[in-house]
Amino acid sequence: MNEGNSTAPFGDDQGRLLYDLPLPVLVVGAKQDWPLCYANEAARHYFDLAGEVASMSWQALLGNADRQALEAALAQQETTTASVVCQGIDGQPPFEALLRRTQWQGQAAWQLTLAPLAQGTRAGNEPFYQQLFNTNPAIKLLIDPCDGRIVDANASAVAFYGYPLDTLKQLKITDINCMAPEEIHAGMARATSCQQLFFEFRHRLANGEIRDVHVYSGPVLLREREYLHSIIVDVTDEKRYCAQLETYNELFHNLPVGVYRHTADPRGHFSAANPAMLRIFEADSHRALFSAPMSGFYYCPKEINRFLTDLERDGAVLRRPLRLRTLKGRLIHAEVTAYRQTATGGDIEYSGIVEDVTERYAAQVNQERLTHLLDASPDIVSIADADHRVVYLNKAGRELLGILPEALSDALTAVHPLWARRLIQEKGIPYAMEHGHWYAETAVLGRDGEIPVSQLIVTRRDENGDIESIATIMRDISQAKRYQAELEYHAGHDPLTGAVNRNRFIDLLVRERQEARRNGRVLSLVMFDIDHFKRVNDTFGHSVGDMVLAKLVHTCSALLREVDVLARWGGEEFMLLLPGTPLAGAVTLAERLRRAVEEEDFSPVPGITSSFGVAELGLDEPESQCYKRLDEALYRAKADGRNRVCLAEPLEGAGKRRRVQ
C-alpha cells in the first residue's frame with residue numbers, strides 16, 4: 001500500500017485490518033507536526049476526502065477546539081492510549097477520538113478511531129463490530145488477547161468452523177488452533193503490539209477436519225478494551241495442491257505444462273523446474289535455466305510489476321496472462337499461476353505453473369481481434385462494404401441505434417438528424433474517399449433527441465486502389481459538452497450565491513456597451529450592499545452570513561428581467577447591469593429591490609436592509625468613473641441613514657470616495 005492512500009486496502013497487513021472498519025480511523029505520525037499517514041474508507045467518507053491523504057493536514061479537518069484537544073492528547077509522551085470527546089465537523093454528530101500508539105510502516109504513530117456519540121454518550125446499543133462482521137464475506141473473529149477467548153464471530157466464521165455462534169463464543173482460540181497454547185499466546189502478544197500481523201496456522205473445525213489458514217490479526221479498541229480483530233483466509237486447497245506436486249514427482253516431470261520454483265531475492269533465479277519448463281523457455285539444460293536471472297524472462301516490466309504486487313498482496317495469482325521471453329529471445333504468451341511460500345529456512349519462495357498458450361493466443365487473435373476490440377469499445381463503430389451495404393455494427397451501436405437498414409443511405413437516414421446526414425453525405429464520405437479519412441462533430445438520434453458525437457470516417461482500399469470498405473467511429477461527447485458548460489458556468493459565477501462574479505460582469509458590461517453604442521440604447525448600473533453585514537457575521541456566524549447573501553441574491557433575482565445581470569461585486573457588495581434601462585427606471589427597480597430585501601425573512605437574522613447607489617452610464621464614460629460615482633452614491637445612502645436609494649452625481653460632480661461601514 002502506498003503511504004497515505006486507502007484505495008488499495010490490502011497492500012500491508014495493518015492497512016488490511018483498518019480498511020474495512022465501519023468507524024473512521026486516522027493514522028498520524030508521532031512527530032512534532034503529526035503528519036497524516038492514512039485514512040480508512042469510513043474516515044474518507046466522514047471528512048469527504050479524495051485522492052492521496054499524505055499531503056493533507058489532519059488538523060484542517062477539525063474545528064479549533066477539537067484540534068487543540070487532540071494535539072494536547074497526542075503530546076502526552078507517557079501515555080499509550082487516551083480518549084478525547086470532540087464536537088465534530090459541520091453537519092456531523094460529535095464523536096469520541098480513541099487514541100492508541102502504534103507502528104505505521106516501521107515508524108511510531110498514533111491511531112485515532114472516531115467513535116460517534118449519541119446525546120453525549122457512546123452509541124453502544126449495537127457494537128461497532130457487528131456491522132463489520134455481518135456485512136463482510138471474509139471469515140472474522142474478535143479475540144480477547146488476555147485469555148484467547150473468542151468474543152464474537154461473523155456469519156462466515158460460523159459457516160467455516162461449523163459451530164453455532166453461541167458455542168463458538170464459548171471457545172478459546174486454543175480450542176481451534178492446532179499450535180501449542182504457549183506459541184498461540186506469544187503470537188497474540190506480537191499481534192497486540194503490532195510486531196506481527198500475519199500468521200500461518202492450522203485450525204480444527206467442528207467436524208474434526210484440519211484446515212490450513214492465513215490469519216491477519218491486529219488490535220482494535222472496543223468499549224475501552226483492546227481486542228484482536230482477526231481475518232482468516234482458508235488456504236487448504238492451495239497447500240494441498242503444492243503438496244501433491246511434491247508427492248507425485250513422476251507426474252511433475254511428465255506434465256505438459258511447466259512447473260517451477262524460484263527465489264525471491266532482487267534478481268531471482270529458478271531453483272526447480274520440470275522438463276516442460278526447459279521446452280517452454282528454450283533452455284538446453286536445467287543449469288542454463290537456473291543461471292538466468294528472472295528479469296531476463298520478462299517482456300513487459302509493467303505486467304510483471306503488477307503480477308508481483310498482486311502476488312505479494314494475495315499470496316497467490318491464478319492463470320494470469322503474461323508475455324515472456326525465452327532464453328533465445330523469442331516472445332511467448334503464457335498463463336502463469338504462482339504461490340508465495342515460506343521455505344523451511346524462513347526464506348520466501350515462489351512456485352507455480354507456466355502454460356505456453358502462444359499458439360492458442362495467435363489463433364484467438366486472428367479470429368476474434370476485430371470483433372472483440374470493437375464490441376468492447378464504448379464508441380459506435382460501423383462498417384459498410386464497397387457496395388455501400390452496412391455489414392457490421394458493434395455492440396455499443398446496436399444498443400443505442402438498434403438494427404440498421406442494410407443500405408448505407410437508409411442507415412444514415414435512420415441514425416442521423418437531417419443536418420448531420422447532409423454533412424456526411426455531401427462532405428464527409430466524399431472527402432474520406434479522396435483523402436482516406438474525414439473528422440467532424442455530428443449527431444445521432446437517441447431515444448431522447450439528438451446526441452452530439454465526434455465522428456471519424458475512414459476508407460480502406462485494396463491492392464488495386466479500389467474502395468474496399470467505409471468505416472465510421474462515433475464517440476458520444478454529450479458529457480464532455482455538459483462538463484464544458486459547467487466549467488464555463490463555474491468560471492463566471494460566484495459559488496455561494498449563484499450570481500455572476502466580478503470578472504464575468506466586467507466582460508458582459510463591455511459587450512453591452514458595444515451593443516448600446518451600436519443601437520443608441522441607454523445603460524444603467526446599480527451598486528448595493530447589505531447594511532451592517534459585519535454585525536451579522538459577528539453575531540450569528542459566517543454560515544448564517546452566507547445564508548443571508550444567498551437568500552438576498554435569490555430575492556433580488558426574482559424581480560429582474562432575463563437580460564439584467566446581477567453580480568457579486570465583493571463581500572456583501574453587489575452590482576446590477578440594466579441594459580436598455582434609463583436612470584428613472586433603474587431608480588424604480590432599485591426601490592423595489594430595497595423594499596423586497598426589507599420585507600424578506602432572513603431568520604434568525606432580524607431586519608436585514610440594504611443601501612443602493614444608481615447611475616446611468618454615459619455613452620463614452622469610462623467604467624471606472626461610473627463605479628466611482630456609484631460608490632459615492634452608495635456612501636450617501638449609508639450616511640443618510642441606510643436602507644435607501646441614492647442617485648449618483650453627474651460626471652462633473654463626482655468626488656473622492658468614502659465608505660460608511
Side-chain angles (χ1 to χ4, degrees), residues 485-486 488-531 533 536 545-603 605 607-619 621 623 626-627 629-631 633-634 636-638 642-648:
E486 290 176 6
E488 291 175 353
Y489 175 84
H490 291 303
H493 288 75
D494 172 45
L496 173 63
T497 64
V500 302
N501 59 29
R502 187 167 183 152
N503 290 337
R504 178 62 173 162
F505 180 89
I506 292 172
D507 291 340
L508 292 174
L509 178 58
V510 171
R511 187 181 69 184
E512 288 296 336
R513 293 203 75 181
Q514 292 173 349
E515 185 70 20
R517 291 188 182 103
R518 283 195 298 267
N519 301 328
R521 293 195 309 177
V522 294
L523 191 66
S524 293
L525 297 178
V526 178
M527 177 184 287
F528 66 99
D529 69 2
I530 300 173
D531 297 330
F533 185 71
V536 175
D546 290 347
M547 179 276 294
V548 169
L549 291 170
K551 195 166 187 178
L552 179 135
V553 168
H554 178 76
T555 300
C556 293
S557 297
L559 300 177
L560 301 179
R561 303 170 301 172
E562 185 175 351
V563 296
D564 298 335
V565 179
L566 174 60
R568 186 176 180 186
W569 196 244
E572 74 275 18
E573 196 170 61
F574 297 88
M575 186 78 80
L576 266 175
L577 169 61
L578 305 175
T581 303
L583 181 61
V587 171
T588 301
L589 175 61
E591 183 60 31
R592 291 180 62 198
L593 296 176
R594 185 197 64 78
R595 289 197 303 270
V597 172
E598 184 180 30
E599 295 168 0
E600 184 61 68
D601 181 10
F602 289 91
S603 298
V605 183
I608 289 293
T609 61
S610 54
S611 300
F612 294 76
V614 183
E616 183 177 310
L617 185 59
L619 186 63
E621 179 185 5
E623 287 89 349
C626 187
Y627 297 154
R629 292 196 295 126
L630 283 168
D631 200 42
L634 181 57
R636 291 198 306 275
K638 296 284 188 181
R642 295 180 174 83
N643 191 24
R644 63 191 64 245
V645 177
C646 282
L647 275 67

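The figures that follow rest on heavy atoms only: side chains count, while hydrogens, waters and symmetry mates do not.
A donor-acceptor pair under 3.5 Å is formed between the side chain of Ser524 and the backbone N or O of Thr581. A distance-only check finds a donor-acceptor pair linking the side chain of Asn501 to the backbone of Ala491 [under 3.5 Å]. Under the 3.5 Å distance criterion, the side-chain polar atoms of Arg517 are left unmatched by any main-chain donor or acceptor of Gly520. Between the Arg561 side chain and the Pro579 main chain, a donor and an acceptor come within less than 3.5 Å of each other.
More than 12 heavy-atom neighbours from other residues, nucleotides or ligands sit within 6.0 angstrom of CZ on Arg636.
In this structure, Phe602 and Lys551 approach most closely via the heavy-atom pair CE2-CB, 3.8 Å. For the pair Ala648 and Arg629, the tightest heavy-atom approach, listed with the atom from each and the gap, is CB-O, 3.6 Å. When every heavy atom of Gly571 is checked against every heavy atom of Leu549, the shortest pair comes out as O-CD2, 4.1 Å. Shortest non-hydrogen contact noted between Leu619 and Arg513 is O-NH2, 3.0 Å.
With rounding to the nearest 0.5 angstrom, the CG atom of Leu617 is 5.5 Å from the CG atom of Leu525. A distance of 14.5 Å separates CD1 in Ile506 from CZ in Arg511, rounded to the nearest 0.5 Å. The line from SG of Cys646 to CG of Leu630 is 11.5 Å long, rounded to the nearest 0.5 Å. Remark: Cys626 SG to Met527 CE distance equals 8.5 Å, nearest 0.5 Å. Between Leu566 atom CG and His554 atom NE2 the span is 12.5 Å, to the nearest 0.5 Å. With rounding to the nearest 0.5 angstrom, the CD atom of Glu598 is 10.5 Å from the CZ atom of Arg644.
We find that Arg594 and Glu591 are joined by a salt bridge, their nearest charged nitrogen and carboxylate oxygen being less than 4.0 Å apart.
Residues His490 and Pro495 fail the side-chain proximity criterion, which asks for heavy atoms closer than 4.5 Å. The shortest side-chain heavy-atom distance between Val500 and Val565 falls under the 4.5 Å cut-off. Counting only heavy atoms from C-beta outward, the side chains of Arg568 and Val553 never approach each other to under 4.5 Å. The shortest distance between side-chain heavy atoms of Val526 and Val645 does not fall below 4.5 Å. Proximity of Leu523 to Leu577: side-chain heavy atoms (C-beta onward) are separated by under 4.5 Å at one or more points. Within the 4.5 Å cutoff, side-chain heavy atoms of Cys556 are placed close to those of Phe528.
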* Going through the distances and angles, do Val522 and Leu578 end up as a side chain to side chain contact (heavy atoms under 4.5 Å, CB included)? -> CA-CA 9 Å; Val522 294; Leu578 305 175; over 6 Å; no

* Please test Asp494 against Arg502 for salt bridge (charged side-chain N to carboxylate O under 4.0 Å, His left out), starting from the C-alpha separation and ending with a verdict. => CA-CA 9 Å; Asp494 172 45; Arg502 187 167 183 152; over 6 Å; no

* Dump the intermediate steps for side chain to side chain contact (heavy atoms under 4.5 Å, CB included) on Ile608 and Glu600, then the final yes or no. => CA-CA 8 Å; Ile608 289 293; Glu600 184 61 68; over 6 Å; no

* Run the numbers on Phe612 and Val587 for side chain to side chain contact (heavy atoms under 4.5 Å, CB included), then give the verdict. => CA-CA 9 Å; Phe612 294 76; Val587 171; over 6 Å; no

* Please report the C-alpha distance between Val597 and Asn643 in whole Å, then the side-chain angles of each, then the deciding distance to 0.1 Å, and finally whether the side chain to side chain contact (heavy atoms under 4.5 Å, CB included) criterion is met. => CA-CA 9 Å; Val597 172; Asn643 191 24; over 6 Å; no

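For the pairing with Asp529, the side-chain contact (heavy atoms from CB on, under 4.5 Å) check across Arg642, Met575, Glu573 returns one residue only, Glu573.
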